[in-house]
Amino acid sequence: MTWFTSHGPLSRGVYWRRMGVLTLLTVGLLSTLMSTVLQYPAFRLHPAHFNPEKTLLLLVVAGGLVSCTLATLAVTRQRLHDRQRTGRWLW
């Protein structure tokens, strides 16, 4: 996807559009997590309550959240770089 390439500087508008899309993805993943995966008794450690579908969904949502977090950090770091700041400003 050419929308997330790092060629050239990021303008303010492009940065906020990317952050908006990443925020919507994160909110969607978190709502999926809260509405389906984290319901009782999803995490009871009893074989009768093991649900492979919920376990797979949990892994997919967790991977998506990690990806969104890394993309957010990368976009923010690139914007800081374009503004002549170091990545240490993130911390």
Side-chain angles (χ1 to χ4, degrees):
M1 179 176 195
T2 60
W3 193 72
F4 270 100
T5 59
S6 62
H7 301 294
L10 280 179
S11 66
R12 184 184 306 170
V14 171
Y15 170 75
W16 284 112
R17 278 192 298 271
R18 289 181 183 181
M19 291 301 288
V21 167
L22 287 168
T23 301
L24 288 175
L25 283 172
T26 302
V27 167
L29 288 168
L30 286 174
S31 66
T32 301
L33 184 71
M34 295 304 290
S35 67
T36 59
V37 178
L38 294 181
Q39 291 177 352
Y40 182 82
F43 290 107
R44 289 187 63 184
L45 297 176
H46 192 275
H49 295 288
F50 179 71
N51 190 344
E53 292 86 18
K54 281 191 177 184
T55 303
L56 180 63
L57 185 62
L58 173 65
L59 292 175
V60 169
V61 169
L65 287 172
V66 168
S67 298
C68 284
T69 301
L70 292 177
T72 301
L73 288 173
V75 168
T76 303
R77 188 198 155 283
Q78 183 180 1
R79 180 68 179 151
L80 285 171
H81 178 270
D82 293 341
R83 301 287 298 155
Q84 307 336 338
R85 306 269 193 259
T86 64
R88 287 184 235 143
W89 281 76
L90 283 171
W91 313 120

How many angstroms lie between atom [atom1] of [X] and atom [atom2] of [Y], to the nearest 0.5 angstrom?
| X | Y | atom1 | atom2 | answer |
| --- | --- | --- | --- | --- |
| Trp16 | Thr23 | CH2 | OG1 | 8.5 Å |
| Leu58 | Thr32 | CG | OG1 | 12.0 Å |
| Leu10 | Asp82 | CG | CG | 5.5 Å |

Verify the cluster assignment for [X] and [Y]: are they in a single hydrophobic cluster under the rule of side-chain heavy atoms below 4.5 Å apart?
| X | Y | result |
| --- | --- | --- |
| Val75 | Val14 | yes |
| Leu57 | Leu30 | yes |
| Leu73 | Leu80 | yes |

Cluster partners of Leu70, using ILVMFWY side-chain heavy atoms under 4.5 angstrom, listed by chain and number?
Val66
Hydrophobic cluster of Leu59, others only, ordered by chain and residue number, side-chain cut-off 4.5 Å:
none
Using side chain to side chain contact (heavy atoms under 4.5 Å, CB included) as the criterion, list what pairs up with Thr72, not counting sequence neighbours.
Met19, Leu22, Thr76
